[in-house]
Amino acid sequence: MPSDGSAQQIRTMSKKQIAILIIAVAVAVAAASVGTAYVVVTGNSELALDGAGNEFTASARIDGLLPGQSSTSEYKAHAPADAVFTILLSGGAGDNLGRYLDVTVSVNGNALYSGNYLSCRGVVFTADVSGDFTFSITYSLPQSVGNSAQGKECSVTARCTLHEKTSG
């Protein structure tokens with residue numbers, strides 16, 4: 001059984017924890033009222049895009065793909081209001097794997113682009129979104145490349161943004 005001093009210390013700690021919780025909730029409510037918050041989740045981490053125009057960037061190093069194989073990066077996101085999602089792929093140029101690589105960019109399972117990577121590099125793709133949505137990028141090496149791509153690699157960066165949808 002704790003002594004009176006220990007019991008007082010436990011009550012004091014609980015009051016401090018409650019005060020911290022109240023402050024945290026107040027900050028969250030204030031932040032939510034300032035602007036629309038967008039959240040992009042990848043794996044166990046999440047990144048808050050806390051307003052129009054903020055950017056989420058993901059990089060992928062593609063190597064070791066064999067002809068006929070593919071690799072997909074999938075992300076979950078949330079837009080609390082109607083928004084426009086944009087995605088732009090960059091990198092992976094020159095005499096590397098990029099010239100052999102096919103890519104499919106999808107939002108909610110609908111392909112925005114599917115074809116050769118170099119043909120879509122630097123192109124901004126857009127989709128109207130609202131609420132929870134997913135987007136994915138699938139990198140694949142066509143069976144027809146044979147040994148041409150052996151030992152090649154490339155890095156691709158995806159830059160994603162959410163913008164508040166304007167009427168008109």
Side-chain angles (χ1 to χ4, degrees), residues 27-28 31-168:
V27 169
S33 65
V34 169
T36 306
Y38 302 106
V39 179
V40 175
V41 180
T42 173
N44 292 328
S45 63
E46 62 181 52
L47 169 68
L49 300 175
D50 58 3
N54 285 352
E55 185 175 275
F56 168 74
T57 303
S59 295
R61 181 178 170 170
I62 299 123
D63 63 353
L65 275 182
L66 298 174
Q69 288 185 327
S70 64
S71 174
T72 301
S73 298
E74 184 171 79
Y75 306 90
K76 295 178 183 177
H78 179 79
D82 288 344
V84 176
F85 172 76
T86 65
I87 184 167
L88 173 131
L89 301 179
S90 61
D95 188 31
N96 61 22
L97 190 62
R99 69 182 195 176
Y100 301 101
L101 198 62
D102 281 347
V103 65
T104 301
V105 178
S106 298
V107 174
N108 287 332
N110 298 316
L112 301 179
Y113 176 81
S114 187
N116 182 266
Y117 169 67
L118 292 183
S119 297
C120 80
R121 188 174 51 131
V123 176
V124 176
F125 298 99
T126 63
D128 292 340
V129 294
S130 183
D132 294 333
F133 68 97
T134 60
F135 63 97
S136 64
I137 307 165
T138 300
Y139 306 98
S140 59
L141 205 54
Q143 189 71 40
S144 61
V145 300
N147 290 331
S148 303
Q150 187 172 351
K152 304 222 184 282
E153 62 183 48
C154 71
S155 294
V156 177
T157 300
R159 286 183 175 74
C160 308
T161 58
L162 280 166
H163 299 278
E164 290 182 33
K165 191 170 184 176
T166 56
S167 60

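None of the values given here were measured: they were computed from a predicted structure.
Inter-residue side-chain proximity for C120 and F125 is flagged as met; some heavy-atom pair is nearer than 4.5 Å. S119 has its side chain within reach of Y113: a pair of non-hydrogen atoms, C-beta onward, lies under 4.5 Å apart. R99 is listed as a side-chain neighbour of L118, based on a closest heavy-atom distance under 4.5 Å. L101 has its side chain within reach of C154: a pair of non-hydrogen atoms, C-beta onward, lies under 4.5 Å apart. Side-chain contact between V107 and F133: present, with at least one pair of heavy atoms (C-beta onward) separated by less than 4.5 Å. At a threshold of 4.5 Å between non-hydrogen side-chain atoms, the residues Y75 and T134 do not count as touching. Using a 4.5 Å cut-off on side-chain heavy atoms (C-beta onward), F135 and S106 make no contact. Proximity of V103 to V156: side-chain heavy atoms (C-beta onward) are nowhere separated by under 4.5 Å.
With rounding to the nearest 0.5 angstrom, the CZ atom of F85 is 10.0 Å from the OG1 atom of T126. Y139 OH to Y117 OH: the interatomic distance, rounded to the nearest 0.5 Å, is 7.5 Å. For the atom pair NZ of K152 and CD1 of I62, the computed distance is 15.0 Å after rounding to the nearest 0.5 Å. Taken from OG1 in T72 to CD1 in I137, the straight-line distance is 10.0 Å, to the nearest 0.5 Å.
Residues passing the salt bridge (Lys or Arg N to Asp or Glu O under 4.0 Å) test with R61 are D63, E153, sequence neighbours excluded. Residues forming a salt bridge (Lys or Arg N to Asp or Glu O under 4.0 Å) with D132 (at least two apart in sequence, or on another chain): none.
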message: Apply side-chain hydrogen bond (donor to acceptor under 3.5 Å, both in side chains) to residues R159 and S90 and explain how you reach the verdict.
response: CA-CA 8 Å; R159 286 183 175 74; S90 61; 3.0 Å; yes
- prompt: Please walk me through it: do T157 and L89 pass side-chain contact (heavy atoms from CB on, under 4.5 Å)?
  reply: CA-CA 6 Å; T157 300; L89 301 179; over 6 Å; no
- prompt: Could you walk me through whether T138 and T104 pass the side-chain hydrogen bond (donor to acceptor under 3.5 Å, both in side chains) check?
  reply: CA-CA 5 Å; T138 300; T104 301; 5.6 Å; no
task: Show your working on side-chain contact (heavy atoms from CB on, under 4.5 Å) between L66 and L141 and close with a plain yes or no.
output: CA-CA 7 Å; L66 298 174; L141 205 54; 5.9 Å; no
message: The test is side-chain hydrogen bond (donor to acceptor under 3.5 Å, both in side chains); show your working for D82 and S130 and say whether it passes.
response: CA-CA 5 Å; D82 288 344; S130 183; 3.2 Å; yes
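Looking at S70 and S140, their side chains never bring a donor and an acceptor atom within 3.5 Å of each other.
N96 places a side-chain N or O within donor-acceptor distance of the main-chain N or O of G98, the cut-off being under 3.5 Å.
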